[in-house]
Structure formats: structure tokens, C-alpha cells
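The structure under discussion appears below in the form of C-alpha cells.
Each chain gets a letter, A, B and so on, in the order its sequence line appears, and its residues count up from 1.
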Protein chains: 2
Amino acid sequence: MTVIFSKKCEYGLQAVLYLSTLEAGAMASADEISKKLDIPKEFVSKILQSLTAKKLVKSKKGNSGGFYLGKAAAKIKLIEIVEAIDGLALFNNCVLGFPDCSPGNPCPVHNKWGKLRNSAYNMLTSETLEQFKKKSIAKINKIIRK
Amino acid sequence: MTVIFSKKCEYGLQAVLYLSTLEAGAMASADEISKKLDIPKEFVSKILQSLTAKKLVKSKKGNSGGFYLGKAAAKIKLIEIVEAIDGLALFNNCVLGFPDCSPGNPCPVHNKWGKLRNSAYNMLTSETLEQFKKKSIAKINKIIRK
DNA sequence: ATTTAATCAGATAAATTAATCTGATTAAAT
DNA sequence: ATTTAATCAGATTAATTTATCTGATTAAAT
């Protein structure tokens with residue numbers, strides 16, 4: 001294995017980045033998102049449902065319904081999605097799995113990992129979806145559906 | 001979830017760090033390791049078996065047998081354990097799960113993650129088990145078995 | 001020789017995560 | 001009104017990871 005985020009979280013992040021590229025007022029169906037990102041439709045649908053429950057995403061039922069961001073892209077940070085899906089354990093637990101890792105009882109890589117973890121946290125908090133928009137559009141447009 | 005290393009890998013790293021704290025010529029049984037690190041005996045046994053197959057660890061069968069490092073602690077780096085158990089996908093795959101993430105086709109956090117990933121790699125390659133020895137001893141001695 | 005305590009090997013079980021399926025509800029469009 | 005296409009909800013299945021069990025082999029100690 002070796003993973004930072006669960007598949008659920010990866011898909012959630014991708015889907016939310018996708019929603020952030022839509023023009024104001026537009027929405028995207030689970031089917032559209034699934035096709036554009038090449039991820040299982042029912043799975044992305046479930047994930048967005050859970051994000052809907054947490055107000056990060058909104059949905060509209062019925063014909064021509066779909067999902068859209070729960071608030072302005074300029075007000076959403078990736079960490080919110082991560083927290084909603086995977087939680088913040090990554091930023092609290094010992095990277096080597098030792099119990100009670102802390103400054104007073106550090107594992108062999110405690111300090112190094114601490115710095116890294118802060119950088120990771122920063123990566124997820126310093127920019128908003130709005131600031132990622134250009135890059136998101138570029139990346140999503142290059143995904144080739146198998 | 002949200003994990004860097006699998007449980008298997010965490011336990012493997014802990015066990016190898018434990019072996020590195022033994023005095024020259026000594027070995028430790030799966031039972032001893034299990035008790036000292038508070039991890040399931042059969043599991044750590046299996047993991048060390050797989051590391052034995054890869055020559056990172058050696059074992060001696062029979063009464064008063066056990067496991068010991070396959071080479072000098074000064075010649076083993078954490079990355080070798082990680083590679084043997086989890087592989088190096090962490091250092092190759094996109095952190096957001098996008099396909100074909102590369103400088104020419106980057107995801108929104110590609111550059112930031114690239115730097116982080118290098119630091120993580122460095123954390124696992126810059127020091128040997130020998131250099132971690134003091135810290136390993138200190139940490140292991142503070143583990144309280146439940 | 002026998003006992004004991006260890007690794008080793010393979011099967012199995014349990015738990016978690018990932019993915020899919022089915023049916024109900026909702027609402028726009030015809 | 002009916003059809004159609006969407007979310008929603010919950011159940012189910014599949015896959016993977018984590019953990020345990022059983023028995024065989026090995027070798028030191030008595």
C-alpha cells in the first residue's frame with residue numbers, strides 16, 4: 001500500500017476540484033463527473049452525498065439536477081474535504097505507528113516528520129479552490145477516459 | 001483512513017528498529033518483539049519472515065532461535081524496509097490520485113507535493129539504523145504494554 | 001532420545017475499504 | 001399526466017488488509 005489519502009478522499013478531492021471549474025450557477029451530475037474523471041459513478045455519487053451532508057457540496061434532485069459547491073470556491077480549502085472524509089489522523093498520529101509519539105516521547109523520525117506534516121497541512125490550507133482553478137482545469141482536461 | 005505506511009510496514013519498521021537496538025550477536029524471538037512493541041505476535045512473525053526472504057533480516061530456527069538484522073545496522077536504511085513491504089508507489093503516484101501526474105501534466109498540488117515527497121524520501125534515506133539507535137532505545141523503552 | 005521453544009508455511013478468519021446494485025424520491029421536460 | 005433523468009438511501013458484494021490459527025520443521029537443552 002502506502003497511501004496518503006483513501007480512495008474515497010482522492011475521489012472526493014478530485015470531484016470537488018472538478019465542481020470548482022464549473023461556471024457560476026452550473027452543476028454537474030454524478031454521471032458527468034464520473035465520466036470526466038474516470039471514476040466509478042456510484043462511488044463518486046456516494047462520496048458527494050456525504051459531502052452534501054456536511055454542507056461542503058449542495059445537490060439538486062430531479063431531471064437536470066446535479067452537484068455544485070456548497071459555498072464560493074474562494075472560501076473552500078482542500079483540508080476541509082480531507083477532514084470531512086478521512087479525518088485529521090494523518091496530522092496527529094506517529095508516522096511509524098508508535099504509540100504516544102510526542103516531543104517528550106518522540107520516535108526516531110519525530111522531528112523530521114513533524115516538519116513534513118506541517119508542510120503537508122500547509123499544502124492543503126494555504127490555497128483555495130479558486131486559486132487552484134486554472135491548474136484544475138488544465139489537469140482535468142488532460143484526463144483520458146479509458 | 002489517511003495513512004503513510006500500511007500497518008504491516010509500520011510494524012516492520014518498528015521491529016527492525018527494535019532489532020537494531022540489540023547488542024551484537026543477540027537475537028530476539030517473535031514473542032519478545034511482540035511483547036516489547038505491543039503488536040500481534042503472529043503478525044510480526046509473518047512480516048519478519050518476509051523481510052528474511054529479502055535478506056534484510058536473518059533468522060535462526062529452533063529453541064533459543066529468533067530474528068536479527070541481515071547486515072550491520074550502519075548499513076540499513078528505513079527506505080529499504082519500506083520498499084520491501086509497501087513498495088515505492090508513495091514516491092511515484094499522484095497524491096490526489098490523478099492519473100499520469102507529471103511535470104508536463106501536473107495536478108494542482110504537484111510542485112508542493114513533489115518537494116514534500118523528496119523530504120519524506122530523505123527522512124528515510126539520510127540516516128541508518130545505527131544513527132537512530134539512541135532514539136530507538138529511548139522510544140522502545142517507553143512503550144507501555146496494555 | 002525426549003522435551004521444549006523457536007521459525008516457517010499455508011490456510012483461514014475478521015475487519016475495513018472499495019465498489020455496485022436496487023428501489024425510492026424528486027423535479028424538469030414533453 | 002407521463003416520461004425521463006437526476007439525487008438519495010440502504011443493502012449487498014467484492015477486494016484488500018489485518019490478524020489468527022494449525023501444523024510442520026528445526027535445533028538447543030535436558
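Ion pairing of K77(A) with E80(A) is absent here, as no side-chain N (NZ or NE/NH1/NH2) approaches a carboxylate O to less than 4.0 Å. One finds no salt bridge joining E32(A) and K35(A) here, because no Lys/Arg side-chain nitrogen approaches an Asp/Glu carboxylate oxygen to under 4.0 Å. K112(B) and E127(A) are joined by a salt bridge, as a carboxylate oxygen and a charged side-chain nitrogen come within less than 4.0 angstrom of each other.
Atom-to-atom, CG of N63(B) to C1' of dA5(C) comes out at 4 Å; the value is rounded to the nearest Å. For the pair E42(A) CD and dG23(C) P, the interatomic distance rounds to 14 Å; values are reported in whole Å. To the nearest angstrom, P of dT18(D) lies 11 Å from CD1 of I85(B). With rounding to whole Å, I33(B) atom CD1 is found 11 Å from dA6(C) atom P. In this structure, D38(A) places its CG atom 12 Å from P of dA19(C), rounding to the nearest Å. In this entry the distance linking CD of Q49(A) with C1' of dG23(C) reads 13 Å, nearest Å. Distance F67(B) CZ to dA6(C) P: 11 Å, rounded to the nearest Å. In this structure, the NZ atom of K7(B) is 13 Å from the C1' atom of dA15(C), given to the nearest Å.
Pair check for dT17(D) finds dA14(C); Watson-Crick or G-U wobble, both atom distances under 3.5 Å. Of all nucleotides present, only dT25(C) satisfies the Watson-Crick or G-U wobble test against dA6(D), with each distance under 3.5 Å.
Nearest-nucleotide positions on DNA chain D for K46(B) and G65(A) put G65(A) closer to the 5' end. Looking at which nucleotide of DNA chain C each of D31(B) and K61(A) is closest to, the 5′-most match is held by D31(B).
Contact annotation: the side chain of L51(B) approaches that of I85(B) to within less than 4.5 Å [non-hydrogen atoms, C-beta and beyond].
Closest approach to the S64(A) side chain among dT7(C), dT18(D), dA28(C) is made by dA28(C) (side chain taken as heavy atoms from C-beta onward).
Using a 4.0 Å cut-off, some side-chain N or O of Y11(A) falls inside it from OP1 or OP2 of dA19(C).
No side-chain donor-acceptor contact under 3.5 Å links S119(B) and K115(A).
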